[in-house]
Asker: 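Here you go, one structure.
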Amino acid sequence: MELFQAKDDYILQSGDCALWCSRKDGTMTVRPATDLLLAWNPVCLGLVEGVIGKIQLHTDLPLGLVLIRQKALVGTLPGDHKVYKITKIAVIPLSDEEPQELELELCKKHHFGIDKPEKLAPSPEESKFLMKTFSQIKSNVAVPIKKKVKENKEKERLERRLLDELDKIFMDSDSFYYSMTYDLTNTVQRQGDSEKSSLPLWKRVDDRFFWNKHMIQDIIDLQVPDVDLWVMPIIQGFVQVEELVVNYNETSDEERSSPETPPQEVTCVDDIHPRFTVALISRRSRHRAGMRYKRRGVDTDGHVANYVETEQLIHVHSHTLSFVQTRGSVPVFWSQAGYRYNPRPRLEKGEKETMSYFSAHFEEQLKLYKSQVIVNLVDQTGREKIIGDAYLKQVLLYNNPNLTYVSFDFHEHCRGMKFENVQVLTDAISDLITEMKWAWVDQAGVICKQEGIFRVNCMDCLDRTNVVQAAVARAVMEQQLKKLGVMPPEQPLPPKCCRIYQFMWANNGDTISRQYAGTAALKGDFTRTGERKLAGVMKDGVNSANRYYLNRFRDAYRQAVIDLMMGLPVTEDLYSIFSKEKEHEEKEKESQRGAQEQVSLLLQTYMQLLLPDDEKFHGGWALINCDMSLVDANNKDVDVLLLLSDKAYYIAYASLKMEVAFSSAGPEPTLFGKPKFCCMRLHYRSEEMSGYFHTLRAATRNPEDDGKGGKKSLFKTANKGNAVSG
C-alpha cells in the first residue's frame, strides 16, 4: 500500500480505499481512494506493508503512527496460508514536523527513476509564517533559553531512547508475526469449534493474543465495513514451518562431509520417502506482558506473566494434527528484586489472599482447555522451594478434579549436565500424554480433539520449560506420525528430521527468552543437539550475566514501551532513569563477574570429577580453542578447561583420551599480520599415534578467580603428563 504525506494528514491507500490519519490529533477516517484529490499537495513517501496502530511514547511526545516497513515470509501453513514476520517498522510522528528519513521502498508509479522521495512543498500559510523578519523571531526568544535548550535535549534524548526500544522490540527479537488469511491467534481445534468462520479475520481472533489491539482500537471503533482491510491482528511469539522427509537411508551431514564417504547421486524422494510439514506456533499473551523482573506471578485479574501457548502442527496430505501446550509464571503473588545477580524470590501475599486470584486463573484455563496437567520444574530445595511449596498448597486448596499436579525437580534429575534424564519425566507421564490425545482434522471435518493440555513452568518459564515441552511434543509427534503411517512402528525419527526438529524448538526457546529476559535461552545447546556441552555451559554463564545487566538498565524502557502498546499507564519516571544509565560503565565488570563465577564453579566440579585423591591440584584455567582448522579464528567462547595437578594435565574438552608429550608457548598461528594473542600448544599422542596437538589461548580474566596462578603461570607448567577428557 502507498503512503502519502499531505499538509494535515498522512494517507494510506490500498486499491479503492484509503485510511486518513490526522497530523494534528491522530484522528483516523476511512475514505474512498479518490478523495486523495482533495488533499493539499499529497506526496508519495513510498510503500508500506500494513498498519500496526498508534502509540504515544510519552506525554511530552506526539502520537506516532506505527507501520510495517518490511516483512519476511516465514512459511506456508496448510491451505496455502502465508505467514510473515515483521522485520522493520516505521514510526511517523503525528505533528507538523517533517518526518525523519523513513527509508521506505519507493513505488514505481510515483517515483519512476527517482532514488529519494521529494520534500513536501509548504502551503501559502506556512510561507507567510516563514516571511517573519529575523527581529520578530529574535524577540520571541526569552532569557531562559539555556533552560529550554536543556529541556529540549532531554526530551529529544528520551524520544530517541524510546523509539530505539520500540524498534528493537519489533526488529531484534523476531517477535511479531501476522497472516492476511490465517488466524494465528487460534489453535486448529478452536478454529474448528468456532462459529465465527464467516466473520472477518480480526473478529475471529483470541483476544489474549491480539497484541496490537489497543494500538489499532481507533480504527476498530470506526465500525464501518471498510475497516476490515486496515485491521490486521499481530501476535508476539514465534513461528517456524519446515518440510521434513522421512528417509532412513540418508547419511548425516558429518558422514557426508567425510572424505571416506563416497559421493551419492541425488535422487527424487517424492515417491519413495514420505514427506510431512511441521509448524511451531507460539503465542504470548498480551495480559501481564513485560520483562522478567518487572512481571512475575499472577495479577488481580488472574493473568500470569510470560504466558505462552505453543501449538505444534503436523500436516500430511489432507490431514492436519495439532498438539497444544502452555507455559506461564507460577500463579501466586511473588517477585524478585532484580538489582542483584540471581536475586532471591519472595512471596508478596499469603495463602488466603492468593486463593481467589489463583482460582480465577485456573477457572479461565479449565474453561478454555477442559483439563490441565501442571508440570512444575522448580527446585524442591534451595531458594526456589518457597515458590514451589506455595504453588502446591494452592493446588491442594483449589482441589479441582480436572487439575493434575506433577512435580519434577529438573536440576536434581539432570545434575551433571545429564539433560537426557528428561526422559524419566516423559516416561512417567506417558499415560497422561496418551489420554490427552490431540486435535486431528481433515477435509471432512474433525476426527478427534485434544482433551486437556500440559501447563509447564519453571521459575522463568524459559530454559527448563522449553527443554521439557520439546521432549513432550516430540513424543506426541512420533505417535502421530506412526498413526498416519509416515513412520514405522518401532523406529525413531530419522537423524536429519530429528536435528531439524530440535533446532525448531531451540529457536522457539531462544525467541521467547529474548522477549521475556532479553537474551537467548539457557540450555539451548541440549535442545538443539540432544547433548549438553562445556561451551553451552559457558555461554549460559554469559547469558545469565547479560540478563542481569539488561534488567538493571534496559528493562525499564522496554517495560514502558510494552505498557504503552497495551494501553497501560507507565509506573516509572522515565526521565529519572537517565541518571541510572550512568551505571552503564559497570556493565562489563558485572558481566565478567557472572562469567567468572561460572568458571570457578566449573573448575571445582571438574576438579572433583577428574583428579584422583592422591593428586594435588595446582591450578585451573578457562581457555579458548584457537585451532584455525577447527574453529573460527575470532572465536571468543570459552570452550576448554585445563586443570593441572602435580602429576598430570586434565583437559575438559572432548571425548578423547590422550597422552601429552610436551607443551610449548608462543604467538598464535596466523597467516597475515601480527599475532594478537599468546598461545599454548599441547602436543599429545592418541592411541599410540603422535603428531596431534591443541592450540589454546587464555580468556581475558582476573587471575585471582582461576584458582592458583594466572596467564603467566599457565605457560610455566611442566612438560609431561596425561590428559583425559571431561
Asker: What is the distance from atom CG of D183 to atom CG of L201, rounded to the nearest 0.5 Å?
Answerer: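 D183 CG to L201 CG: 5.5 Å, rounded to 0.5 Å.
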
Asker: Which heavy-atom pair separates V278 from Q312 by the least distance, and what is that distance?
Answerer: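 Smallest heavy-atom distance, with atoms named: CG2-CG, 4.4 Å.
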
Asker: Minimum heavy-atom separation for K54 to C21, with atom names?
Answerer: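 Nearest heavy atoms, K54 then C21: CD-SG, 4.4 Å.
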
Asker: In this structure, are over 12 heavy atoms from other groups packed under 6.0 Å from D16 atom CG?
Answerer: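 No, the 6.0 Å shell around CG holds no more than 12 heavy atoms from other groups.
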
Asker: Under 3.5 Å, is there a donor-acceptor pair linking the side chains of T187 and E311?
Answerer: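 No, no side-chain donor-acceptor pair sits under 3.5 Å.
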
Asker: Step through the shown structure and confirm whether more than 12 heavy atoms of other residues, nucleotides or ligands are within 6.0 Å of CD on E105.
Answerer: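 Not more than 12 within 6.0 Å, no.
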
Asker: Check whether any side-chain heavy atom of W230 lies under 4.5 Å from a side-chain heavy atom of M1, and answer yes or no.
Answerer: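 Of all side-chain heavy-atom pairs linking M1 with W230, at least one is under 4.5 Å.
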
Asker: Could you tell me whether the side chain of M291 reaches within less than 4.5 Å of the side chain of I562, counting heavy atoms only?
Answerer: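 The answer is yes; the side chains approach within 4.5 Å.
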
Asker: Using modelled atom types only, decide if a donor and an acceptor are shared between the side chain of N212 and the backbone of M232 within a distance under 3.5 Å.
Answerer: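 Confirmed, N212 side chain pairs with M232 backbone.
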
Asker: Side chains of Q189 and Y369 only: does a donor on one sit below 3.5 Å from an acceptor on the other?
Answerer: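 No, because no side-chain N or O of Q189 sits under 3.5 Å from a partner of the opposite role on Y369.
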
Asker: Does D96 reach the side chain of K24, with side-chain heavy atoms less than 4.5 Å apart?
Answerer: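 In short, these two side chains touch, coming nearer than 4.5 Å.
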
Asker: Can you tell me how far the CG atom of L47 sits from the CZ atom of R69, to the nearest 0.5 Å?
Answerer: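 CZ of R69 is found 12.5 Å from CG of L47.
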
Asker: Is any side-chain heavy atom of K82 closer than 4.5 Å to one of T181?
Answerer: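 No, every pair of side-chain atoms sits at 4.5 Å or beyond.
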
Asker: Donor-acceptor check, side chain of Q70 to backbone of K88, threshold 3.5 angstrom: yes or no?
Answerer: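 No.
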
Asker: Under a plain distance cut-off of 3.5 Å, with no hydrogens placed, do Y178 and E49 share a side-chain donor-acceptor pair?
Answerer: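 Side-chain D/A pair, E49 to Y178: absent.
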
Asker: Check whether T277 reaches the backbone of E243 with its side chain - one donor and one acceptor, N or O, closer than 3.5 Å.
Answerer: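 Not at all, since once roles are kept as given, no pair shorter than 3.5 Å links the two residues.
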
Asker: Can N508 and N466 be counted as having a side-chain donor-acceptor contact under 3.5 angstrom?
Answerer: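 N466 and N508 do have a side-chain donor-acceptor pair below 3.5 Å.
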
Asker: Has D301 got a side-chain atom pairing as donor or acceptor with H303's backbone, closer than 3.5 angstrom?
Answerer: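 Checking the backbone N and O of H303 against the side chain of D301, no donor-acceptor pair under 3.5 Å is found.
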
Asker: Check whether any side-chain N or O of Q515 sits under 3.5 Å from a backbone N or O of I169 as a donor-acceptor pair, and report yes or no.
Answerer: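 No, Q515 side chain to I169 backbone: no donor-acceptor pair under 3.5 Å.
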
Asker: Just by distance, do the side chain of R208 and the backbone of T185 share a donor-acceptor pair under 3.5 Å?
Answerer: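 Absent.
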
Asker: Should the pair R558-D164 be classified as a salt bridge under the 4.0 Å nitrogen-to-oxygen rule?
Answerer: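 So R558 does not pair with D164 through a salt bridge.
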
Asker: Work out which heavy atom in R327 is nearest to a heavy atom in L462; give both atom names and the distance.
Answerer: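 For R327 and L462, the tightest heavy-atom pair comes out as NH1-O, 3.6 Å.
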
Asker: Using a 3.5 Å distance criterion without hydrogens, assess whether the side chain of Q325 forms a donor-acceptor pair with backbone atoms of I453.
Answerer: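 Flag not set: sc Q325 to bb I453 has no pair under 3.5 Å.
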
Asker: Is D226 salt-bridged to R31, cutoff N-O under 4.0 Å?
Answerer: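 No.
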
Asker: Is there a side-chain contact between T320 and L77, using heavy atoms and a 4.5 Å cut-off?
Answerer: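 Heavy-atom side-chain distance check fails, nothing below 4.5 Å.
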
Asker: When rounded to the nearest 0.5 angstrom, what is the spacing between CG in L102 and CG in L45?
Answerer: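 Rounded to the nearest 0.5 Å, the CG-CG separation comes to 6.0 Å.
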
Asker: Do NZ/NE/NH1/NH2 and the carboxylate oxygens of R161 and E165 come within less than 4.0 Å?
Answerer: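 E165 and R161: salt-bridged.
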
Asker: Give me the atom names and distance for the closest heavy-atom approach of A305 to Y516.
Answerer: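 Looking at all heavy atoms of both residues, the closest pair is CB-OH, 3.9 Å.
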
Asker: Can you name the closest pair of heavy atoms from S282 and I235 and give their distance?
Answerer: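 S282 and I235 have their closest heavy atoms at O-CD1, 4.0 Å.
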
Asker: Counting N and O atoms only, with roles assigned by atom type, does the side chain of R286 sit under 3.5 Å from a partner on the main chain of F209, one being a donor and the other an acceptor?
Answerer: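 No.
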
Asker: What's the shortest heavy-atom distance between R455 and P331, and which atoms?
Answerer: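 What the structure gives for the nearest pair is NH2-CD, 4.0 Å.
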
Asker: With a 4.5 Å cut-off on side-chain heavy atoms, are R288 and Y307 touching?
Answerer: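 No - every pair of side-chain heavy atoms lies 4.5 Å or more apart.
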
Asker: Quick one: do R190 and E309 make a salt bridge, cutoff under 4.0 Å?
Answerer: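 Judged by the 4.0 Å cut-off on N to carboxylate O distance, R190 and E309 do form a salt bridge.
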
Asker: Quick one, L3 and I92 - any side-chain contact, counting heavy atoms below 4.5 Å?
Answerer: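 The answer is yes, as the side chains (C-beta and beyond) meet within the 4.5 Å cut-off.
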
Asker: Strictly distance-based, threshold 3.5 Å: is any side-chain N or O of S179 a donor or acceptor partner for the main-chain N or O of V83?
Answerer: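 It does not hold such a pair.
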
Asker: Give a yes or no on whether the backbone of I512 and the side-chain of R284 come within a donor-acceptor separation of less than 3.5 Å.
Answerer: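 It does not hold such a pair.
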
Asker: Is R295 salt-bridged to D563, going by a charged N under 4.0 Å from an acidic O?
Answerer: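 Salt bridge present between R295 and D563.
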
